[in-house]
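Index from 1, following the sequence.
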Amino acid sequence: MRLIALNKPYGTICQFSAHETRASLATWIDVPDVYPAGRLDADSEGLLLLTDDGALQARIAEPRHKLIKRYWAQLDGAAPASALAALERGVDLGDYVSRPCRARFIEPPAGLWQRDPPVRYRAAIPTTWIELALGEGRNRQVRRMTAAVGFPTLRLIRVGIGALDVFALGLAPGQWRALPPSAPWHGTR
């Protein structure tokens, strides 16, 4: 069994086949027969796990397993505590209501890599950084949740999956590392 941790750069799509205008996983990883365990949309960055084990892939990716995934989100505007409370309770997204999650304000992350291209800067409009810990992970869920409470996501970084953390692994964008099969991916951090 192979397990790989990648710090997926902004703009990279979660597939190995070539794309006309975007980088793919093949741009960063040249390992045969591994597949992403879950996805990050092209506009999101951070920790992505890949494996050649279908059962492990399902345990990591499928919401029914409730594996905690942690995200840092830079929100457009000065979000109040009431927005965080709404995120924690669960948000009606029209087609489903998100499960309750953990949400907290964080300081702008020190030492965070620069994004290329950078997030737009508007001096008159502040931003808010939050950390969300979810036990599900549906398509564009964090972005949809923050928009539903009135504060769209400008930048989204998955920093952790279970007990694995992209910073503890020391991965810069585009870097990857093979992990031992006994890696603590299954923890709840």
Side-chain angles (χ1 to χ4, degrees), residues 2-54 56-63 67 69-76 93-96 98 108-109 111-122 125 127-134 136-148 151-162 164-179 185:
R2 282 186 271 182
L3 180 62
I4 292 173
L6 167 70
N7 185 347
K8 186 190 87 62
Y10 175 85
T12 300
I13 56 173
C14 277
Q15 65 185 43
F16 279 95
S17 55
H19 189 274
E20 292 177 13
T21 60
R22 294 194 180 261
S24 72
L25 295 175
T27 305
W28 311 107
I29 298 175
D30 185 20
V31 177
D33 302 322
V34 293
Y35 303 95
R39 297 178 107 42
L40 282 174
D41 61 82
D43 295 336
S44 298
E45 320 162 56
L47 187 59
L48 181 68
L49 297 179
L50 301 98
T51 183
D52 58 357
D53 181 299
L56 177 58
Q57 184 180 27
R59 286 195 312 268
I60 294 168
E62 291 179 8
L67 180 64
K69 296 165 182 86
R70 288 185 306 111
Y71 299 86
W72 288 349
Q74 183 181 17
L75 308 183
D76 194 11
L93 300 174
D95 51 341
Y96 70 96
S98 65
L112 183 61
W113 58 83
Q114 295 294 311
R115 193 184 87 172
D116 184 25
V119 171
R120 71 179 183 269
Y121 174 74
R122 298 181 294 176
I125 300 176
T127 64
T128 304
W129 280 91
I130 65 170
E131 180 180 77
L132 289 173
L134 308 173
E136 56 187 335
R138 298 179 184 213
N139 187 37
R140 298 187 69 83
Q141 180 176 346
V142 171
R143 292 179 187 281
R144 292 181 64 197
M145 289 171 66
T146 64
F151 298 91
T153 297
L154 298 173
R155 187 173 183 189
L156 184 61
I157 304 157
R158 185 189 297 156
V159 295
I161 299 174
L164 295 174
D165 181 285
V166 71
F167 296 101
L169 291 168
L171 298 175
Q175 290 184 328
W176 62 274
R177 174 183 301 173
L179 301 175
W185 62 268

For residues [X] and [Y], report the shortest heavy-atom separation together with the two atoms involved.
X	Y	value
A37	Q57	CA-CG, 3.7 Å
L93	A148	CD2-CB, 3.9 Å
P173	N7	N-ND2, 3.4 Å
L56	T51	CD2-OG1, 3.8 Å
G174	P9	N-CG, 3.4 Å
V142	T153	O-OG1, 4.2 Å

**Request:** Name all residues meeting the ring-ring contact (aromatic ring centres under 6.0 Å, His included) criterion together with Y96; count only those two or more places apart in sequence or in a different chain, and write none if there are none.
**Result:** none
**Message:** Checking W72 now: which residues fulfil ring-ring contact (aromatic ring centres under 6.0 Å, His included) with it, not counting sequence neighbours?
**Reply:** F167
Would you indicate whether the side-chain heavy atoms of [Y] and [X] approach each other to under 4.5 Å?
X	Y	result
L112	W129	yes
I161	L67	yes
T127	V119	no

Set of residues satisfying side chain to side chain donor-acceptor pair (under 3.5 Å) with respect to [X], sequence neighbours excluded:
X	value
R115	none
R140	D41
T12	W28

**Request:** Inspect the contact between D76 and R120 and indicate whether a charged nitrogen and a carboxylate oxygen are less than 4.0 angstrom apart.
**Result:** yes
Got a second to check how far [X]'s [atom1] is from [Y]'s [atom2], nearest 0.5 Å?
X	Y	atom1	atom2	answer
L49	L179	CG	CG	7.0 Å
Q74	I130	CD	CD1	11.0 Å
Q175	L6	CD	CG	9.5 Å
L47	Y71	CG	OH	9.5 Å
I157	W113	CD1	CH2	5.5 Å
Q15	R22	CD	CZ	11.0 Å

**Asked** Which residues pass the salt bridge (charged side-chain N to carboxylate O under 4.0 Å, His left out) test with E131, sequence neighbours left out?
**Response** R70, R104
**Asked** D95: what forms a salt bridge (charged side-chain N to carboxylate O under 4.0 Å, His left out) with it, not counting sequence neighbours?
**Response** R144
**Item:** Under 3.5 Å side-chain donor-acceptor pair for R143 and S44
**Value:** yes
If the condition is side chain to side chain contact (heavy atoms under 4.5 Å, CB included), which residues does [X] pass it with, not counting sequence neighbours?
X	value
R2	V31, P32, D33, V34, D52
P36	F16, L25, R39, L48, L50
D30	none
A61	none

**Prompt:** Could you give all pairs that pass the salt bridge (Lys or Arg N to Asp or Glu O under 4.0 Å) test and reach residues 151-160, with sequence neighbours left out?
**Reply:** E45-R155
